[in-house]
Amino acid sequence: METSRGIWTSTADADLLLRLAGSGFDWLALDAQHGPVDRAALHRLGRALAATHTAFLVRVPSVDPAWIGAALDAGASGVVVPSVTSAADAERAALASRYPPLGERSWGPFPPLWGGAAPDPEVANELVRCWVMVETPGALDEVDAIAATPGVDGLFVGPLDLALSLGTSVEALLDDDSPDGPLARIVRAAERQGILVGAFAGRPDAARRLRDHGIGFLAVTTDVAVVAAGVRAVLDADADADSGTEAGPADGA
Ligand code: 3PY
Ligand code: MG
C-alpha cells in the first residue's frame, strides 16, 4: 500500500497555507467545493504555493471541465473530483485533466503570468493525477468501470457523503470489514486496475482505520482541526494560570 499524508484546507488564507505547506505534510488539498476558494483565490493561492514547491491538489466544486482546467492551470499537481455518479462522469473528469491527444484540457497555464515557465504538455500529462471521488451510490455501483476508465489515476473515498447517501454512519462504514463492504469494494477495484486509492480521514483515528482497509493516501486532518487542536493544547498547558490567581494585566501593563 502506498502511503502519504496530506492536510485538507477549507480556508483561503495564503499565510496560513504557506505555514501549513512547510509543516511536514506530503501535500495540501484546497477545497473549492465546500470552502471559499473561488477562481480569484485559486490564482492567488496557486502563485503563493508555487514559490514553495509544495504539492497541492484542488478539490473542484463538481465534475466541471472548466474548474478542473483552472485548478491545473494554477499549478495543482492533481484534482479531486467530487459527486461523481457514473463512469461517464469519471471519463469527463479524466478527459479534462490531460491535454490532447490523451484528453481535452485546454492550454492556458498561469505560471507565465507570474514570470514562471509553462509546463511541457507531455510532461504535464504524465505527472497529473486525476482523483475521482467515490461518495455516491452511483459511483459505488460503477466502481469497477470507474477504476478502469483511462486517465483515472485514483479513487478517493468521501466517507461523509458515502455514509450519508448509503443511509449509514461514518463509524459503521469504517467498521465494516466484510469482503463486500463499500470500502473493500473500492479498494479491490483500485487494486485490480493498479491505480491509487485515497480518502478524506479528517482525524488521525479515522486515518488509522482507513489504512487498515488498505487506503494509504489520506487527508489526515484539516486546517481548521489543527488550529483547534493548537488552541486546545495551549489552553490546557496554561490551565494552571486560569485556576490560579485572578486574571489581570501584569503590573505596569
Ligand atoms: C466526504 O467525506 O464526503 C468528503 O467529501 C470529504 O470532504
Ligand atoms: Mg463529499
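In this chain, numbering begins with 1 at the start of the sequence shown. Numbering of ligands and ligand atoms starts at 1, following listing order. The structure displayed is predicted, hence computed values, not measured ones.
Ile186 pairs in a side-chain contact (heavy atoms from CB on, under 4.5 Å) with only one of the listed residues (Ile146, Ile215, Asp144, Leu162), which is Leu162.
Note on Glu104 versus Arg92: no salt bridge recorded, every NZ/NE/NH1/NH2 to OD/OE distance being 4.0 Å or above. One finds a salt bridge joining Arg98 and Asp153 here, because a Lys/Arg side-chain nitrogen approaches an Asp/Glu carboxylate oxygen to under 4.0 Å. For Arg105 and Asp73, the salt-bridge test passes: some basic side-chain N is under 4.0 Å from an acidic carboxylate O.
Close approach of ligand 1 to Met133 (heavy-atom distance below 4.0 Å) involves ligand atoms 4 (C), 5 (O). For ligand 1, the atoms lying closer than 4.0 Å to a non-hydrogen atom of Phe200 are 6 (C), 7 (O). Listed by atom number, the atoms of ligand 1 under 4.0 Å from Glu135 heavy atoms are 1 (C), 3 (O), 4 (C), 5 (O). Contact atoms of ligand 1 toward Gly158: 1 (C), 2 (O), 3 (O), 4 (C) (distance under 4.0 Å to a heavy atom of the residue).
For the 3.5 Å distance criterion, the side chains of Ser10 and Asp31 fail to qualify, holding no donor opposite an acceptor.
Ranking the protein heavy atoms by distance from atom 5 (O) of ligand 1 puts Arg59 NH1, 2.9 Å first. Summary of contacts: the protein heavy atom closest to atom 3 (O) of ligand 1 is Asp161 N, 2.9 Å.
Both Phe200 and Val226 are part of a single hydrophobic cluster, where members link through side-chain heavy atoms under 4.5 Å apart. Both Leu160 and Phe217 belong to a single network of hydrophobic side chains, linked directly or stepwise wherever heavy atoms of I, L, V, M, F, W or Y lie under 4.5 Å apart.
Considering backbone and side-chain N/O atoms, Leu160 comes within less than 3.5 Å of an N/O atom of ligand 1. For Pro159, a nitrogen or oxygen atom sits less than 3.5 Å from a nitrogen or oxygen atom of ligand 1, counting backbone and side chain alike.
Contact annotation for His34 and ligand 1: no heavy atom of the residue comes within less than 4.0 Å of the ligand. Of the heavy atoms in Gln33, none comes closer than 4.0 Å to ligand 1.
Note on Glu135: its N/O/S atom closest to the Mg ion (ligand 2) is OE1. Considering just the N/O/S atoms of Asp161, the one nearest the Mg ion (ligand 2) carries the name OD2.
The aromatic rings of Trp27 and Phe156 sit perpendicular to each other, their planes meeting at more than 60°, with 30° as the lower class boundary.
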